[in-house]
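As the structure is a prediction and not an experimental result, all values here were calculated from the model. Chain naming here is simple, since letters A, B, ... match the order of the sequence lines and numbering starts at 1 in each.
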Protein chains: 2
Amino acid sequence: MYLPPTLTRLIELFSKLPSIGPRTAQRLAFHILMAPQEQAEQLSRAIIEARGRVRFCRTCNNITEDEICGICRDERRDRSIICVVEEPQDLLAIERSGGFKGVYHVLLGAISPLEGIGPDDLKMDGLLARLNGEEIKEVLIATNPNTEGETTSLYITKFLKPRGIRLTRLARGIPVGGDLESTDGATLTTAFEGRREIIIN
Amino acid sequence: MYLPPTLTRLIELFSKLPSIGPRTAQRLAFHILMAPQEQAEQLSRAIIEARGRVRFCRTCNNITEDEICGICRDERRDRSIICVVEEPQDLLAIERSGGFKGVYHVLLGAISPLEGIGPDDLKMDGLLARLNGEEIKEVLIATNPNTEGETTSLYITKFLKPRGIRLTRLARGIPVGGDLESTDGATLTTAFEGRREIIIN
């Protein structure tokens, strides 16, 4: 196909990235070739710098460039409630909503027998240390509402229940702004089961 | 939002790439963070290497790592017919189809008054030099079937007509594998105008 080897290589590496198909990979690679040298250098440098500087918070495993992340360092956050999530991206989505003012614990994974990820692969030690050391009133388990997330949630629940700490999870139901017609059956069933009183005042 | 600055920077640079929205940019950046250091280094290096090594063929402006591209060097190609395209990606699409055995000339652009690209911004000099120096029987203009491509095609036609060379363009019509219902009106009209006799033998 007469493609220059360095271009073929770049297309190949781009197409290994998530949500990048072969066509997009080719478009990206050609863009890099045609872009000013400076732009290619910036992207190349940014990849190395981000990968090199970003690490996991020593307290909660959130991503940070420091030893302790911005949330753990923030004096205004309520340290008595820990929200447990699978990945830093989940934390980011919750922060974007602005609806949670406590602190986090990132497991950096979820139990998945299919992928060979067991309970020992999760960052649970740090969470236990925090429960022993700090004044924690509540652990809110915010794993994903899928098989891996539910399994992980169950594991954490069994692990923490004997400690008598308050364990909660996110509400399930129809999404805000969604419509009944396009809501799947499992979600609808959950929404019926979890129905709430309408309070008239 | 507590995002590490190097991560914010990476997301920003990814989202400047074509067909990458803010969500995909974030997904890509997180993937880089979580990937093995080696994978990030490979991608970073591939970007710099591709941008640094790939240049334009001295004959036809196709991309290559050498002075002359693989197609121009290929003895089996028919040098008497030159297919004129806008970008190296167009050449690649034609090569993928396998339907053309001549050589190319890449303009590296198309006339676009809106974007301030005039005839002088196209790589026409090389084409003229080839017409003067080589035995060319036909110039097939394969610019895109949009306003910029048509304008460019018209310009080349006016320029080359006085030379008495055979000028052709790609056939227009309903796409193979497409259906009439989803074909736009302009294409349908073109297909009617360009209808061909059915030959019964």
Quiz prompt | Verdict with supporting geometry, B:E150 and B:R172, salt bridge (charged side-chain N to carboxylate O under 4.0 Å, His left out) | solution = CA-CA 12 Å; B:E150 295 291 3; B:R172 304 289 155 81; 2.8 Å; yes
Quiz prompt | Where at least one partner belongs to residues 109-120 of chain A, residue pairs that pass side chain to side chain donor-acceptor pair (under 3.5 Å), sequence neighbours excluded | solution = none
Quiz item: With no hydrogens and no angle check, do the side chains of B:T143 and B:T152 hold a donor and an acceptor under 3.5 Å apart?
Solution: no
Exercise. Go through the atoms of B:D66 and report whether side chain, backbone, both or neither lie under 4.5 Å from a heavy atom of chain A.
Key: neither
Quiz item: Heavy atoms under 4.5 Å from chain A: which residues of residues 123-133 of chain B carry them?
Solution: none
Exercise. Could you check whether the rings of B:Y104 and B:F100 sit parallel, tilted or perpendicular, using 30° and 60° as the cut-offs?
Key: perpendicular
Quiz item: Given the options B:P88, B:S44, B:G70, B:C69, which has more heavy-atom pairs under 4.5 Å with chain A than any of the others?
Solution: B:S44
Quiz item: Quick one: NE2 on B:H105 to CG on B:L122, what's the gap to the nearest 0.5 Å?
Solution: 9.0 Å
Exercise. Measure A:A29 against the heavy atoms of chain B and call it side chain, backbone, both or neither at under 4.5 Å.
Key: neither
Quiz item: By a 4.5 Å heavy-atom criterion (distance strictly below it), what part of A:I20 contacts chain B: side chain, backbone, both, or neither?
Solution: side chain
Quiz item: Taking B:T64, B:T8, B:L13 one by one, which has the highest count of heavy-atom pairs under 4.5 Å against chain A?
Solution: B:L13
Exercise. Check whether any side-chain heavy atom of B:E148 sits under 4.5 Å from a side-chain heavy atom of B:N144, and report yes or no.
Key: no
Quiz item: So which of A:G98, A:A50, A:A35 has the largest heavy-atom pair count under 4.5 angstrom toward chain B?
Solution: A:A50
Exercise. Calculate, to the nearest 0.5 Å, the distance between atoms CG and CD1 belonging to B:L91 and B:I94 respectively.
Key: 6.5 Å
Quiz prompt | Proximity breakdown for B:R51 and chain A, heavy-atom pairs closer than 4.5 Å | solution = both
Quiz item: Is there a donor-acceptor contact under 3.5 Å linking the side chains of A:Q39 and A:H31?
Solution: yes
Exercise. Identify which of B:I32, B:L17, B:L33 forms the greatest number of heavy-atom pairs closer than 4.5 Å to chain A.
Key: B:L33
Quiz item: Which bit of A:E12 comes within less than 4.5 Å of chain B, counting heavy atoms only: side chain, backbone, both or neither?
Solution: neither
Quiz item: Looking at CD1 of B:I165 and CG of B:L160, how far apart are the two atoms once the value is rounded to the nearest 0.5 Å?
Solution: 7.0 Å
Quiz item: Taking B:K16, B:R55, B:E49, B:E87 one by one, which has the highest count of heavy-atom pairs under 4.5 Å against chain A?
Solution: B:E49
Quiz item: Does B:L107 reach the side chain of B:N61, with side-chain heavy atoms less than 4.5 Å apart?
Solution: no
Exercise. Quick one: which of B:S19, B:P18, B:G52 has the most heavy-atom pairs under 4.5 Å with chain A, could you say?
Key: B:P18
Quiz item: What part of A:D74 is in contact with chain B, defined as an atom under 4.5 angstrom from a non-hydrogen atom: side chain, backbone, both or neither?
Solution: side chain
Exercise. For the pair A:R163 and A:E138, find out whether any cationic side-chain nitrogen is under 4.0 Å from an anionic carboxylate oxygen.
Key: no
Quiz item: So which of A:I63, A:T24, A:L108 has the biggest tally of heavy-atom pairs under 4.5 Å with chain B?
Solution: A:I63
Self-check item: Within 6.0 angstrom of B:E38 CD, more than 12 heavy atoms from elsewhere
Solution: yes
